[in-house]
Amino acid sequence: MEFLQKTAPSQDRSVQTDNPYLNAKEEWLERYGSYISRAAQWRAVAFVGLGLLALSLSGNVMQARQVKIVPYIVEVDKLGKVSNVARADQSASTPRNLIQSEIADAIVNWRTVTADTELQKQMIKRLSHIITGSAKGVLKQWFEENSPYEIAKSGKLVHVEIKGLPLPVSDSSYRVEWIETIRSHAGALLDQRSYEATATIQLQPPASDADIMTNPGGVYISALAASKIITNERN
């Protein structure tokens, strides 16, 4: 008991005395603990900021990829002049006279043979802008067998006259008739023939600047079948 009583005070004194290691740790925690806490907070804020930046960039990329061009339907009169322009996304349907005009123009550009080589190229180019689907194959075969440039070189010119506005035979098909007058370069009448064709159309509003410039009406001929009309006219 005496030993315990003697030694106990010495142990209490050792705890109460300063421990350099503990003191150093406490001082380090006191001095740098707040720094570490603030650094952790800044890291959290930085990660949140990076996340928001990533979301913002993603939104900008998605917005940039979206089509910003507003499609329009251009309505023309019998003379081919623009009579009305309306937004395609707000229009209930494409005007019928626009479809009829596009089909008639396609026939003229397809069958006309002119001595003006540059004009001939422009007509074929305009035709290519409204042809799609199986109609491409039909016209490709036609031009391979009936090159307008070779026909013009042979001394023949072909004038196309549409008999009347193409008439609908179904919701997506129209029938059109025309007369082809064949003359020499001097203007002499060589032949005259009547033809008819059924054209199937597709409506696709323009979605780019190029589409607006080449096919503002969004009318495409996807199928085409033509034949000669047997009449009493000279063959």
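Heavy-atom basis, side chains included; hydrogens, waters and symmetry copies ignored. Note that this is a predicted model, so its numbers are computed, not measured. Residue indices begin at 1 and follow the sequence shown.
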Please examine the side chains of [Y] and [X], heavy atoms only from C-beta on, and report whether any two atoms are closer than 4.5 Å.
X      : Y      : value
Arg96  : Tyr174 : yes
Ser194 : Lys228 : no
Lys163 : Trp178 : no
Lys136 : Ser128 : no
Ile182 : Arg193 : yes
Gln202 : Thr132 : yes
Ile99  : Leu203 : yes
Lys153 : Glu150 : yes

Test log, rule side-chain contact (heavy atoms from CB on, under 4.5 Å), inputs Leu139 and Leu127 = CA-CA 10 Å; Leu139 294 187; Leu127 179 63; 3.7 Å; yes
Please round to the nearest 0.5 Å and tell me the distance separating atom [atom1] of [X] and atom [atom2] of [Y].
X      : Y      : atom1 : atom2 : answer
Asn109 : His129 : CG    : NE2   : 11.0 Å
Lys125 : Thr214 : NZ    : OG1   : 9.5 Å
Thr112 : Ile151 : OG1   : CD1   : 11.0 Å
Arg183 : Leu190 : CZ    : CG    : 8.5 Å
Lys121 : Asp116 : NZ    : CG    : 10.5 Å
Asn97  : Ser101 : CG    : OG    : 7.5 Å

request  = Take Ile201 and Ile103 through the test side-chain contact (heavy atoms from CB on, under 4.5 Å) and record every step on the way to the result.
outcome  = CA-CA 9 Å; Ile201 58 104; Ile103 294 174; 3.8 Å; yes
If you take all heavy atoms of [X] and [Y], which pair is closest and at what distance?
X      : Y      : value
Val160 : Ile107 : CG1-CG2, 4.3 Å
Pro166 : Ala104 : CG-N, 4.2 Å
Gln120 : Val113 : OE1-CA, 3.5 Å

query = Does Arg111 make a cation-pi contact with Trp142, if we ask for NZ or CZ under 6.0 Å from the ring centre and within 45° of the axis?
reply = yes
What about [X] and [Y], same hydrophobic cluster or not, with Ile/Leu/Val/Met/Phe/Trp/Tyr joined at side-chain heavy-atom distances under 4.5 Å?
X      : Y      : value
Phe143 : Val108 : yes
Val169 : Val176 : no
Trp110 : Ile124 : yes
Leu224 : Ile162 : yes

inquiry  = Set out, in order, the CA-CA distance, both residues' side-chain angles and the distance that settles side-chain contact (heavy atoms from CB on, under 4.5 Å) for Val219 and Ile130, then state yes or no.
reply    = CA-CA 7 Å; Val219 179; Ile130 68 168; over 6 Å; no
message = Can a donor-acceptor pair be found, under 3.5 Å and without considering hydrogens, that links the side chain of His185 to the backbone of Ala152?
response = yes
message = Just checking Gln141: does its CD atom have more than 12 heavy atoms from other residues, nucleotides or ligands closer to it than 6.0 angstrom?
response = no
inquiry  = Tyr220 vs Asn215, test: side-chain contact (heavy atoms from CB on, under 4.5 Å). Steps then yes/no.
reply    = CA-CA 8 Å; Tyr220 293 86; Asn215 191 350; 3.3 Å; yes
query = Regarding Ser173 and Thr200, is there a side-chain donor-to-acceptor distance under 3.5 Å anywhere?
reply = yes
message = Testing the 3.5 Å rule here: is there a donor-acceptor pair between the side chains of Thr181 and Gln192?
response = yes
message = Can you tell whether the side chains of Glu177 and Arg175 come within less than 4.0 Å, N to carboxylate O?
response = yes
